There are 2 protein chains.
Amino acid sequence: MGEDRAMEANDAEDSAPGTGPGDATARPHTGRRRNEAVRQAILDAALRLLVESEGAPITVEAVARAAGVGKQTLYRWWPSKGAVLLDALTDRAGQDVPPPDTGSLRDDLRTVVAATFDAARRAPWAPALRTLVREAATDPHLAELLRTYTGARRALLHEVLDRGRARGELPADRDLDLLVDQVYGLFWYRFLLGHAPLDRAAAERLTDSLLGPGTA
Amino acid sequence: MGEDRAMEANDAEDSAPGTGPGDATARPHTGRRRNEAVRQAILDAALRLLVESEGAPITVEAVARAAGVGKQTLYRWWPSKGAVLLDALTDRAGQDVPPPDTGSLRDDLRTVVAATFDAARRAPWAPALRTLVREAATDPHLAELLRTYTGARRALLHEVLDRGRARGELPADRDLDLLVDQVYGLFWYRFLLGHAPLDRAAAERLTDSLLGPGTA
DNA sequence: TCTTGACGAGACTGACGGTCTCGTTAAAGT
DNA sequence: ACTTTAACGAGACCGTCAGTCTCGTCAAGA
């Protein structure tokens with residue numbers, strides 16, 4: 001999401017003296033260069049506010065002030081507030097670990113579910129994620145990226161279930177999409193509403209509910 | 001949601017003879033009465049805008065103008081924009097029908113789930129509900145109201161499950177809160193993301209997934 | 001040294017939620 | 001009829017916030 005403007009100078013080098021501004025699009029870069037430290041400061045500040053904001057909305061001015069930066073500098077490099085927050089989170093947030101493949105569907109599923117629940121409870125991502133979802137409600141750009149993100153998560157879990165079904169641990173006609181959505185549906189529902197816990201016990205019981213009570 | 005201002009004149013001053021409202025808080029109403037037609041006009045306008053807005057935010061001024069009403073009239077009877085929108089939707093949208101009690105948990109659950117899915121798909125409520133949730137993301141007041149609403153829905157479903165468990169159709173140690181959240185979690189997840197259908201087949205399969213495949 | 005463009009600062013615009021005031025009007029008691 | 005009370009429509013007004021504009025300054029190249 002860097003969103004650099006294209007100022008690459010593919011000039012034919014007749015620039016200054018010759019024809020001059022004949023072709024408008026290409027011109028060599030002159031003047032002061034972008035300060036990378038400023039970009040870092042902005043991203044740092046945005047991430048910090050995102051983490052510290054307990055659901056409270058984040059203003060552009062707050063980000064700019066925390067970064068010691070003028071608002072215009074922010075809008076010079078990012079198209080909107082949402083783009084900055086997104087960039088801050090994706091640029092430094094946790095990478096997706098590959099899902100487990102132990103040979104036991106129940107173990108794999110329990111692991112994925114528990115890891116998902118844990119991650120959301122673990123500071124400092126929970127408030128940041130909650131705030132991000134909130135912002136996404138009024139920012140189509142953010143909404144789209146979040147949609148892509150959740151789709152990727154579903155695909156990952158779908159793979160785990162698919163392997164289990166191939167092993168015969170699930171009936172061939174079981175609706176895997178439904179199972180996946182039962183997991184993430186419950187997760188987001190409880191995460192955003194906060195009316196019930198997302199702890200280990202819940203993960204355990206959810207796994208049992210989806211696969212049937214363990215025979216062991 | 002009445003929100004009458006408390007301007008009780010708790011004067012002892014035997015103002016109205018013979019009325020006998022000795023208690024301080026009660027004072028006979030005088031002056032012009034609330035115009036019910038105005039309330040209807042506001043609710044109608046709000047609902048119409050809600051239905052027609054494809055995700056676009058709704059302004060208070062738009063509601064007031066569409067209803068031919070001053071903004072203050074709106075704020076005289078509702079505490080916030082969100083309250084009006086929610087009232088508009090709940091007042092005329094699906095009445096909370098009491099949950100079924102046929103004596104069969106499977107039938108009852110299937111009915112509730114299918115009805116929930118159907119209601120959300122039935123035009124024109126889907127866009128209205130989506131807009132409402134969007135507004136809730138930036139309106140703490142509305143968020144609270146929505147939380148209350150979803151809580152009530154959960155309680156209703158919980159009752160159904162409780163009756164079934166009392167009949168022995170569910171193991172005594174089954175986590176009913178989890179079951180409820182699996183239903184509404186899946187519902188909201190698919191409803192808001194829109195990546196998978198909420199049709200009869202999904203309702204059927206969800207019911208089976210929660211109770212185990214039907215023996216019939 | 002001169003030009004260019006990034007930078008910090010902050011004034012400004014336009015929307016919007018919500019409040020306040022004003023003149024008008026309907027319902028009740030006297 | 002007269003008075004009191006409060007709801008009504010209209011719209012000015014306030015605070016907040018995303019995004020733009022302007023200005024004086026500063027760094028990098030020519």
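The shown structure was predicted, so the numbers you read here are calculated from the model rather than taken from an experiment. Here is how names work: the chains are called A, B, and so on, in the same order as the sequence lines, proteins then strands, and each is numbered from 1. Any value given below was found using the heavy atoms of this structure, including those in side chains, with hydrogens, waters and symmetry copies removed.
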From the options D:dG19, C:dT21, C:dG8, select the nucleotide whose nearest atom is closest to the side chain of A:Val38. C:dG8
Can you tell me which residue pairs pass the salt bridge (Lys or Arg N to Asp or Glu O under 4.0 Å) test with a partner in residues 128-138 of chain A, sequence neighbours excluded? A:Lys81-A:Glu135
With under 30° as parallel and over 60° as perpendicular, where do the rings of B:Phe187 and B:Tyr184 fit, or are they tilted in between? perpendicular
Which residues pass the salt bridge (charged side-chain N to carboxylate O under 4.0 Å, His left out) test with B:Arg65, sequence neighbours left out? none
Does C:dA6 have OP1 or OP2 sitting under 4.0 Å from an N or O in the side chain of A:Thr73? no
Tell me which residues in residues 53-61 of chain B put a heavy atom below 4.0 Å from DNA chain C, sorted by number, or none. B:Ile58, B:Thr59, B:Val60
Pairs of donor and acceptor atoms involving the side chains of residues 55-64 of chain B, under 3.5 Å and at least two apart or interchain, shall be tabulated with distances.
unit_1, atom_1, unit_2, atom_2, d
B:Thr59, OG1, B:Ala62, N, 3.0
B:Glu61, OE2, B:Lys71, NZ, 3.2

Just to confirm, is there a sub-4.0 Å distance from OP1 or OP2 of C:dC7 to any side-chain nitrogen or oxygen of A:Trp77? yes
Gap between atoms CH2 and C1', on A:Trp78 and C:dA6 respectively (whole Å): 13 Å
Tell me every residue that passes salt bridge (charged side-chain N to carboxylate O under 4.0 Å, His left out) with A:Arg190, counting only those two or more places apart in sequence or in another chain. B:Asp181
Tell me the interatomic distance from A:Arg134, atom CZ, to D:dC17, atom P, rounded to whole angstroms. 14 Å
In whole angstroms, how far is the P atom of D:dC8 from the CZ atom of B:Arg34? 7 Å
side-chain contact (heavy atoms from CB on, under 4.5 Å) involving A:Glu159 - partner list, sequence neighbours excluded: A:Arg163
Set of residues satisfying salt bridge (charged side-chain N to carboxylate O under 4.0 Å, His left out) with respect to A:Glu54, sequence neighbours excluded: none
D:dC8 phosphate, OP1 or OP2, under 4.0 Å from B:Arg76 side-chain N/O: yes
How would you list, by chain and number, every residue that makes a salt bridge (charged side-chain N to carboxylate O under 4.0 Å, His left out) with B:Asp175, sequence neighbours excluded? A:Arg205
A:Arg65 has an atom CZ; how far is it from atom P of C:dC7, in whole Å? 20 Å
Can the positive tip of B:Arg34 be found less than 6.0 Å from the middle of the six-membered ring of B:Trp77, inside 45° of the ring normal? yes
A:Arg33 meets the side-chain contact (heavy atoms from CB on, under 4.5 Å) criterion, sequence neighbours left out, with A:His29
Is there a donor and acceptor pair, one atom on the side chain of A:Lys71 and one on the base of D:dG19, closer than 3.5 Å? yes
Please tabulate the protein-to-nucleotide N/O contacts below 3.5 Å involving nucleotides 22-26 of chain C, giving atom names and distances.
unit_1, atom_1, unit_2, atom_2, d
C:dT25, O2, B:Arg32, NH1, 3.2
C:dA26, O4', B:Arg32, NE, 3.4

Mind calculating the distance between CG (B:Leu85) and P (C:dC16) to the nearest angstrom? 14 Å
Between B:Arg154 and A:Tyr189, do the side chains contain a donor N or O and an acceptor N or O under 3.5 Å apart? yes
Salt bridge (Lys or Arg N to Asp or Glu O under 4.0 Å) contacts in which one or both residues fall within residues 113-122 of chain B, not counting sequence neighbours: B:Asp118-B:Arg121, B:Asp118-B:Arg200
What is the distance from CD of A:Glu135 to P of D:dG19, rounded to the nearest Å? 10 Å
Between CZ of A:Arg39 and P of C:dG8 the distance, given in whole Å, is 15 Å
So for the helix from C:dT1-D:dA30 to C:dT30-D:dA1, with five pairs setting each end axis, what is the inter-axis angle to 10°? 0°
Rounded distance in Å - OH (B:Tyr75) to P (D:dA10): 17 Å
